[in-house]
Amino acid sequence: MRRSKRKTSGLQAAAVAAVCILFVATALLGLYKCFSKEPTPRPDQSKSASAPEDDGPLEPGDAASDALGAGQRKEHFHTILLGGLDDENGGSDTNLLVAVDAQNKRIDVVSLPRDTLLDVSWSVKKLNNAYHHGGFTQTMAEVTRLLGIPVDHYVTVKLNAFEELVDAIGGVEFDIPVDMDYDDPYQGLSIHFPKGPRLLNGEDALKVVRWRQNNDGSGYATADIGRIGTQQAFLMAAARQMLHISNWDKVRTYAEIFQEQVDTDLELANLIWLGEQALTAGSENITFHTLPGDGAGYYKGASYYVLDREAVLELVNTYFNPYQRELTLEDMHILVP
């Protein structure tokens, strides 16, 4: 059955924009005010990481395993979960896990597909459904359980932030990967762009990152994974433009957008420190990944994004593991049909 196109898909763009705000705009503000403070990693917990027996909300640290609780963390390594929230339907439709390795001057971002299969007790076992069982706190806890690593901090962003940020930096030069022709009168949505480079304003950029397929059924060969690739490419283009010296005089505007549209447990001084790390690392050391898996997978007759356990383990150990010891599959809770 063809999946209906939902307005919430645009929220993936908002989460993408949050990375730009988090690691660039606040850095410029920090350099201007000349103060910063490294975030404090979330304390390790010694509670079991077994699947919850009910639908009650968890604390993010509750999912850490006994073994991980005894592990020694790397210095200056932080994990942050970015979420795009659906104000109308109350869901987390997009989740990006960011690892900041300040000691090695690199930043890695992994897209967590919304249909990722979770080992949970409730019937709809998709990652984006975790929000309905305890808010973004539950989403953080499930990502921790899934990957076997702590999520230290969170950033959630509203849809309006995306358009405002793109317009604030004067638009973004972007090479649109495919011809886009889609109309949805019900949503009042019209997307018509030829393949190729063009300057996108905020409204047009949002349409490009929302687009999934044309009215005739043509589109990305890999559906949502293809859209994730476009979002990641757009993020890199936007980040390069925000880092350009010609945009440094727009720090106040960035800060105002951030304050109004973004919710986070990070302090301003923490955001400044993180932004400074982005500037120090440079765009060549910011890398994007997608959680390895099969978007055409099924579990008990329902469609899911089924993870490749070994490939996920390798990815996490290489880029997202905050511990000095390597993780094993026993540290993770990846459900495989």
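The main-chain N or O of Ala311 is found under 3.5 Å from a side-chain atom of Asp308 such that the two form a donor-acceptor pair. For Asn321 (side chain) and Arg325 (main-chain N/O), a donor-acceptor pair under 3.5 Å exists by modelled atom type. The backbone N or O of Leu327 sits less than 3.5 Å from a side-chain atom of Asn317, completing a donor-acceptor pair. Checked by atom type and distance alone, the side chain of Arg106 never pairs as donor or acceptor with a backbone atom of Glu284 at under 3.5 Å. Without hydrogens or angle criteria, Tyr305 side chain to Leu291 main chain gives a donor-acceptor distance under 3.5 Å. Between the Thr144 side chain and the Met140 main chain, a donor and an acceptor come within less than 3.5 Å of each other. Judged by distance alone, with hydrogens and angles left aside, the side-chain atoms of Lys126 form no donor-acceptor pair with the main-chain N or O of Leu118 at under 3.5 Å. Judged by distance alone, with hydrogens and angles left aside, the side-chain atoms of Gln324 form no donor-acceptor pair with the main-chain N or O of Gln72 at under 3.5 Å.
Nearest approach of Ala237 to Val172, heavy atoms of both residues: CB-CG1, 3.8 Å. Shortest non-hydrogen contact noted between Ile169 and Ala238 is CD1-O, 4.2 Å. Across Ile228 and Pro113, no two heavy atoms sit closer than the pair CD1-CG, 4.3 Å. Shown here for Thr290 and Val110, the closest heavy-atom pair between the two residues is C-CG2, 3.8 Å. Of all non-hydrogen atoms in Ala130 and Trp122, the two that sit nearest each other are CA-CZ2, 4.0 Å.
Distance check: Asn201 CG to Asp167 CG gives 5.5 Å after rounding to the nearest 0.5 Å. Note that the NE2 atom of His78 and the NE2 atom of His153 stand 7.0 Å from one another [nearest 0.5 Å]. Thr318 contributes atom OG1, which lies 8.5 Å from atom NE2 of His289 (distance to the nearest 0.5 angstrom). We find the CG-CG distance between Asp294 and Leu307 to be 10.0 Å, quoted to the nearest 0.5 Å. Taking CZ of Arg198 as the start and CG of Leu200 as the end, the distance is 6.0 Å to the nearest 0.5 Å. Remark: Leu112 CG to Leu146 CG distance equals 8.0 Å, nearest 0.5 Å.
There is a path of hydrophobic side-chain contacts, each under 4.5 Å, that joins Val336 to Leu127. With hydrophobic clusters built from ILVMFWY side chains whose heavy atoms lie under 4.5 angstrom apart, Phe77 does not share a cluster with Ile149. Linking ILVMFWY residues whenever their side-chain heavy atoms come closer than 4.5 Å, directly or via other members, leaves Tyr298 and Ile334 in distinct clusters. Note on Leu329: it clusters hydrophobically with Val316, by side-chain heavy-atom contacts below 4.5 Å among ILVMFWY residues.
Ring orientation note: the planes of Tyr220 and Trp211 are nearly perpendicular, at an angle over 60° on the 30°/60° scale.
No side-chain donor from either of His333 and Glu142 sits under 3.5 Å from a side-chain acceptor of the other. Side-chain contact of Asn129 with Tyr131: a donor-acceptor pair under 3.5 Å is absent, judged by distance alone. Ser111 and Gln232 share a donor-acceptor pair across their side chains, judged by distance under 3.5 Å alone.
Residues Val143 and Leu147 are in side-chain contact: their nearest non-hydrogen atoms beyond the backbone lie under 4.5 Å apart. With a 4.5 Å cut-off on side-chain heavy atoms, Phe320 and Asp108 count as touching. Counting heavy atoms from C-beta outward, Lys37 and Glu267 have side chains that approach closer than 4.5 Å. Side-chain atoms of Val209 and Arg227, non-hydrogen and from C-beta on, never get closer than 4.5 Å to each other. Contact of the Thr287 side chain with the Ile107 side chain is not registered, since no non-hydrogen atoms from C-beta on lie closer than 4.5 Å. No side-chain heavy atom of Val109 sits under 4.5 Å from any side-chain heavy atom of Leu97. A 4.5 Å side-chain heavy-atom check between Val98 and Thr79 finds every atom pair outside the cut-off. A 4.5 Å side-chain heavy-atom check between Pro41 and Pro150 finds every atom pair outside the cut-off.
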Show me, pair by pair, the donor-acceptor contacts under 3.5 angstrom made by side chains of residues 173-181, not counting sequence neighbours?
from   : atom 1 : to     : atom 2 : distance (Å)
Asp179 : OD1    : Lys195 : N      : 2.7
Asp181 : OD1    : His192 : ND1    : 3.0

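Residues satisfying the side chain to side chain contact (heavy atoms under 4.5 Å, CB included) test with Ala102, not counting sequence neighbours, are His76, Trp273, Gln277. Taking Asp101 as the reference, nothing meets the salt bridge (Lys or Arg N to Asp or Glu O under 4.0 Å) condition, with sequence neighbours excluded. A search for ring pair (Phe, Tyr, Trp, His ring centres under 6.0 Å) contacts involving Phe193 returns nothing, not counting sequence neighbours. The ring pair (Phe, Tyr, Trp, His ring centres under 6.0 Å) check on Tyr154 picks up nothing, with sequence neighbours excluded.
Residue Pro39 is tested with Asn270, Val100, Ile80 for a side chain to side chain contact (heavy atoms under 4.5 Å, CB included); the sole match is Asn270. Here the options are Thr156, Val151, Asn95, Asn128, the test is side chain to side chain contact (heavy atoms under 4.5 Å, CB included), and the partner is Thr139; only Asn95 passes.
Ionic pairing of Asp152 and Arg73 is present here: one or more N-O contacts between side-chain nitrogen and carboxylate oxygen are shorter than 4.0 angstrom. A salt bridge does not link Lys125 to Asp115: none of the charged nitrogens lies less than 4.0 Å from a carboxylate oxygen.
Atom CD of Glu326 has 12 or fewer neighbouring heavy atoms from other residues, nucleotides or ligands inside a 6.0 Å radius. Counting heavy-atom neighbours within 6.0 Å of Glu314 CD, excluding the residue itself, gives a total of 12 or less.
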Let me see the working for Phe288 and Met236 under side-chain contact (heavy atoms from CB on, under 4.5 Å), right down to the final yes or no.
-> CA-CA 9 Å; Phe288 297 88; Met236 283 303 302; 2.8 Å; yes
Val120 and Arg145: side-chain contact (heavy atoms from CB on, under 4.5 Å), yes or no, with the steps?
-> CA-CA 10 Å; Val120 292; Arg145 291 187 63 252; 4.2 Å; yes
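Other members of the cluster containing Tyr304 are Leu117, Tyr299, Val306, Leu335, with ILVMFWY side chains joined at under 4.5 Å, either directly or via other members.
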